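Everything on this sheet refers to the single structure shown next.
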Amino acid sequence: MAASKKKKEQAPPKKHQIFLVDDHPIVRQGLIKLIEEEDGLEVCGEAGSVGEALEQIQDKAPDVILVDISLEDSNGLELIKTIDDLGLQIPTLVLSMHDEALYAEHALKAGASGYVMKQAASNTLILAIEKVL
């Protein structure tokens, strides 16, 4: 009788965790669909405000935070500064409707790793996330 060998099951590759911060639920839902279509990306959490985001980010430990500039209780640039002040070394990517010429420099000075306008094509956002990773 031949001994049967069990095939080792390989664990699926770890997906990069993305955390979303945007005050519009429908925008977050669209971003989730877009991001999760990519093999190596997964949304690990979402928030509509700076306060909500700060409550969750430390527990979720995302690889990248995708943040809008305009938020209900503050703004995305303040969130980026707070993340840095807390010593959390999580790259942030700003996704905003605001003119890149005016706001991208402010975002980068605040500590953002990149800036994408909401008017950009969806593949531009995915490429930006991959670049930040």
Side-chain angles (χ1 to χ4, degrees):
M1 218 178 231
S4 68
K5 293 183 180 180
K6 288 187 178 180
K7 287 186 178 180
K8 272 191 173 179
E9 288 186 32
Q10 291 183 353
K14 181 185 176 286
K15 293 185 176 191
H16 291 286
Q17 302 297 300
I18 313 298
F19 190 91
L20 307 176
V21 186
D22 192 298
D23 58 343
H24 296 97
I26 198 163
V27 172
R28 291 194 311 266
Q29 290 170 359
L31 289 170
I32 290 168
K33 284 186 176 273
L34 174 69
I35 290 167
E36 294 197 341
E37 284 179 354
E38 299 299 313
D39 289 335
L41 303 176
E42 177 176 71
V43 175
C44 66
E46 59 179 286
S49 68
V50 170
E52 270 184 82
L54 289 172
E55 286 178 15
Q56 295 183 55
I57 287 171
Q58 293 184 44
D59 290 336
K60 303 283 185 181
D63 297 309
V64 173
I65 300 169
L66 187 59
V67 60
D68 190 6
I69 287 181
S70 301
L71 299 170
E72 289 176 5
D73 59 346
S74 185
N75 67 63
L77 300 181
E78 290 302 317
L79 175 61
I80 292 167
K81 290 176 188 173
T82 303
I83 289 167
D84 189 48
D85 290 344
L86 292 172
L88 303 173
Q89 296 182 351
I90 305 168
T92 53
L93 180 61
V94 174
L95 178 64
S96 181
M97 68 176 186
H98 296 290
D99 185 2
E100 184 176 8
L102 296 174
Y103 286 89
E105 185 177 344
H106 294 295
L108 295 173
K109 282 183 179 177
S113 300
Y115 191 96
V116 177
M117 291 189 60
K118 286 184 176 177
Q119 294 89 334
S122 57
N123 67 330
T124 301
L125 175 61
I126 298 302
L127 290 171
I129 290 170
E130 290 171 351
K131 181 111 174 151
V132 168
L133 286 167

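None of these values were measured; they are calculated from a predicted model.
N75 places no side-chain N or O within 3.5 Å of a backbone atom of S70 that could act as its donor or acceptor partner. One N or O on the side chain of Q56 and one on the backbone of E46 form a donor-acceptor pair closer than 3.5 Å. Listed for the T82 side chain is a donor-acceptor partner under 3.5 Å among the backbone atoms of E78.
Nearest heavy atoms, G76 versus V67: CA-CG2, 3.7 Å. The two atoms that bring K15 and D39 nearest to each other are CE-O, 3.2 Å, heavy atoms only. Across all non-hydrogen atoms, the minimal contact from S113 to L108 is C-CD2, 4.1 Å. Residues S74 and V50 approach most closely at CB-CG2, 3.7 Å, considering heavy atoms. The two residues C44 and K60 make their nearest non-hydrogen contact at O-CD, 3.3 Å. When all heavy atoms of L86 and Q58 are compared, the pair lying nearest together is CD1-NE2, 3.8 Å.
Side chains of L77 and H106 form a contact here, defined as non-hydrogen atoms less than 4.5 Å apart. Two residues are said to be in side-chain contact when any heavy atoms from C-beta on lie closer than 4.5 Å; I90 and P62 meet this criterion. Between E42 and E36 the shortest side-chain heavy-atom distance falls below 4.5 Å.
Annotation: the span from S122 atom OG to K33 atom NZ amounts to 14.0 Å, rounded to 0.5 Å. Considering CG of D22 and CD of Q29, their distance stands at 11.0 Å, rounded to 0.5 Å. Note: D59 CG to F19 CZ = 10.0 Å, rounded to the nearest 0.5 Å.
Using a cutoff of 4.0 Å between basic side-chain nitrogens and carboxylate oxygens, K118 and D68 are scored as salt-bridged. Look at K109 and E105 and you find a salt bridge, because one of the NZ, NE, NH1 or NH2 atoms lies within 4.0 Å of a carboxylate O, short of that distance.
In this structure, D85 places its CG atom where more than 12 heavy-atom neighbours from other residues, nucleotides or ligands lie under 6.0 Å away. More than 12 heavy-atom neighbours from other residues, nucleotides or ligands sit within 6.0 angstrom of CD on Q119.
The hydrophobic cluster containing L125 also includes I18, L20, I26, V27, L31, I32, L34, I35, L41, V43, V64, L66, L93, L95, V116, I126, I129, V132, L133, under a criterion of side-chain heavy atoms closer than 4.5 Å among ILVMFWY residues, counted directly or through chains of members.
Annotation: side chain to side chain contact (heavy atoms under 4.5 Å, CB included) contacts of Y115 (sequence neighbours excluded): I69, V94, S96, H98, E100, Y103, A104, A107, M117.
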